[in-house]
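Structure, as structure tokens:
Residues: numbered from 1 along the sequence shown.
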Amino acid sequence: MTTLQRKSVNPIAHLSAEDIEALGRELDALRDEFLASRGERDAKYIRRVVSVQRHLELGSRAVLLFSLFPPAWLLGTAGLTVAKILENMEIGHNVLHGQWDWMRDPKIHSTTWEWDNAAPSEHWKRAHNELHHVYTNVVGKDQDLGFTIMRVDEGQRWRPLYLGQPLWNFISACFHEYAFAVYDMELARNLRSRKRRRSPEFKARLKQLLRKIGKQVLKDYGLHPALSALTGSWLTTIAANATANLIRNLWSHSLIMCGHFPKGVETFERTSIDGETRGEWYLRQMLGSANFDGNRLMHIMSGNTSHQIEHHLFPDLPSNRYQEIAPRVRDLFERYGLNYVSGPFLKQLASAWAKVFRLSLPNRGAAKIAADAPRPVAGRKRPATRWQRPGTDSASTDLGPRVRVGAGA
């Protein structure tokens with residue numbers, strides 16, 4: 001997984017600067033076409049998903065009031081697990097991207113949605129939308145790449161600590177919502193500096209995080225079990241909530257692994273994004289993301305991150321459109337001679353985990369030669385604000401009046 005700039009065979013060497021900008025214009029046109037076609041069917045879709053999720057969660061929590069009985073425990077736990085995954089992936093993740101802001105519905109809007117997760121929505125939007133989606137797979141810039149605790153590229157200096165990264169990764173997966181909440185706070189960076197850890201901004205963010213974690217713990221392990229105590233099921237209800245959270249965490253962590261770690265996905269040097277153009281940004285999203293195959297249920301349960309490539313190209317498009325747009329994106333890959341990384345879910349996940357294990361060890365052979373090669377030198381810097389990255393602008397705080405949603409809204 002050595003960075004693209006250090007590969008002996010450059011997979012984009014056949015593209016000229018003009019080709020890359022032409023690719024960017026084609027993707028701009030495709031995005032504009034789908035943005036203009038948003039309408040009633042999209043609004044019905046997200047409202048239906050929200051309704052199903054809420055009824056499923058409410059029904060499952062009601063069943064768990066009687067979780068002392070094994071069938072009720074199994075049914076309630078399964079339902080609650082699915083409800084939590086739906087809320088985090090197809091609803092929360094995509095609402096917080098601003099995919100549904102165009103509906104002007106204050107109940108389904110990126111500025112008002114607070115999701116069922118330890119990370120406050122405000123923190124997550126900054127870490128995910130403003131950092132990960134802008135600096136996708138740039139080693140040292142994209143903190144989602146290895147979650148700041150793993151070695152993710154042969155070019156990174158190996159240390160004995162990395163021998164434990166398969167274990168750290170598994171623990172991170174089990175407590176994924178908390179690991180990401182801490183990562184969004186950039187604790188390692190802020191706690192190192194006395195000035196940063198004492199700053200009013202950091203203290204306010206930490207207070208906000210602790211308050212959100214408290215609410216999550218109280219809901220799952222306080223109020224709900226307290227209601228179940230009336231039927232003698234409080235201990236089994238605690239176990240059900242813990243199980244649902246664990247499965248949700250393992251699932252969401254696996255989706256991230258499949259989206260940016262499988263074989264064939266490229267990483268990039270920090271110097272390579274100096275003065276990056278719009279076409280170059282699009283190209284990096286194409287090369288730094290991966291899809292996995294699945295049916296409609298798999299797409300919904302993954303929040304349509306099964307179409308991670310399309311999501312990174314068009315993060316503000318409604319998620320239900322990614323399956324529709326994917327064949328046209330794949331056609332662009334073929335016409336421009338690029339590798340569209342996709343495969344079965346288990347194959348992609350296994351490939352990602354194999355990379356975690358491999359990079360926990362020192363470089364050998366060709367990987368060592370590539371890592372020891374001179375680092376690329378930064379080129380001429382151009383203004384970083386020459387263009388607006390698609391879908392990475394701050395979400396509008398103006399909900400505006402409710403309007404009838406129709407074609408072209």
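Residues H260 and T136 have side chains in contact (heavy-atom distance under 4.5 Å, counting atoms from C-beta outward). By the 4.5 Å heavy-atom criterion applied to side chains, E90 and N304 are counted as neighbours. Side-chain atoms of R61 and N241, non-hydrogen and from C-beta on, do get closer than 4.5 Å to each other. Counting heavy atoms from C-beta outward, M150 and F261 have side chains that approach closer than 4.5 Å. Residues I309 and L313 have side chains in contact (heavy-atom distance under 4.5 Å, counting atoms from C-beta outward). The shortest distance between side-chain heavy atoms of L359 and D153 does not fall below 4.5 Å. Residues T77 and L64 are in side-chain contact: their nearest non-hydrogen atoms beyond the backbone lie under 4.5 Å apart. With a 4.5 Å cut-off on side-chain heavy atoms, P318 and W102 count as touching.
The NE2 atom of H14 sits 5.0 Å away from the CG atom of L338 when rounded to the nearest 0.5 Å. Taken from CD1 in I20 to CG in L15, the straight-line distance is 5.5 Å, to the nearest 0.5 Å. In this structure, N320 CG and D42 CG are separated by 4.5 Å, a value rounded to the nearest 0.5 Å.
For E122, the CD atom sits in a loose shell: 12 or fewer heavy atoms of surrounding residues, nucleotides or ligands are nearer than 6.0 Å. Within a 6.0 Å radius of CH2 in W73, other residues, nucleotides and ligands contribute more than 12 heavy atoms. Heavy atoms of other residues, nucleotides or ligands lying less than 6.0 angstrom from CZ of R335 number more than 12.
Shortest non-hydrogen contact noted between T237 and S228 is OG1-OG, 2.7 Å.
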Exercise for review: For side chain to side chain donor-acceptor pair (under 3.5 Å), just list the numbers for R321 and S37, CA-CA rounded to whole Å, side-chain angles, deciding distance to a tenth of an Å, and then say yes or no.
Suggested key: CA-CA 10 Å; R321 294 299 194 92; S37 68; 2.8 Å; yes
Exercise for review: Report the C-alpha separation of S289 and Q308 in whole Å, then their side-chain angles, then the decisive distance to 0.1 Å, and conclude whether the side chain to side chain donor-acceptor pair (under 3.5 Å) test is met.
Suggested key: CA-CA 6 Å; S289 307; Q308 188 72 252; 5.4 Å; no
Practice item. Step by step, work out the salt bridge (Lys or Arg N to Asp or Glu O under 4.0 Å) result for E310 and R328. Key: CA-CA 10 Å; E310 289 72 24; R328 295 176 65 178; over 6 Å; no
Exercise for review: Decide salt bridge (Lys or Arg N to Asp or Glu O under 4.0 Å) for E324 and R41; before the verdict, give the C-alpha distance in whole Å, the side-chain angles of both, and the deciding distance to 0.1 Å.
Suggested key: CA-CA 14 Å; E324 182 181 345; R41 71 180 174 107; 3.1 Å; yes
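Although no hydrogens or angles enter the test, the distance criterion places no donor-acceptor pair under 3.5 Å between the side chain of K125 and the main chain of E130. Within the 3.5 Å criterion, the main-chain N or O of P106 finds a donor-acceptor partner in the side chain of T112. Judged by distance alone, with hydrogens and angles left aside, the side-chain atoms of E57 form no donor-acceptor pair with the main-chain N or O of L80 at under 3.5 Å. With hydrogens and angles disregarded, no donor-acceptor distance shorter than 3.5 Å links the side chain of S51 to the backbone of R47. With hydrogens and angles disregarded, no donor-acceptor distance shorter than 3.5 Å links the side chain of E87 to the backbone of W115. The closest donor-acceptor contact from the side chain of D316 to the backbone of Q99 lies at 3.5 Å or more, if one exists at all. Remark: the backbone N or O of S110 is paired with a side-chain donor or acceptor of D101 at under 3.5 angstrom. Looking at S172, its side chain never comes within 3.5 Å of a backbone N or O of W168 through a donor-acceptor pair. Between the side chain of S351 and the backbone N or O of K263 there is at least one donor-acceptor pair closer than 3.5 Å. Remark: side-chain polar atoms of E280 are paired, donor with acceptor, to backbone N or O of T277 under 3.5 angstrom.
Here ring pair (Phe, Tyr, Trp, His ring centres under 6.0 Å) pairs that include residues 319-339, with residues two or more places apart or in two chains, are H311-Y322, F333-Y340.
Ring centers of W124 and H93: under 6.0 Å apart, within the cut-off. Between W251 and F345, the distance separating the two ring centers is shorter than 6.0 angstrom.
H123 meets the side chain to side chain donor-acceptor pair (under 3.5 Å) test with Q208; sequence neighbours excluded. Here N245 pairs with K84, D220, Y221, R248 under the side chain to side chain donor-acceptor pair (under 3.5 Å) rule; sequence neighbours left out.
N249 and Y178 form no side-chain donor-acceptor contact under 3.5 Å, judged by distance and modelled atom types alone.
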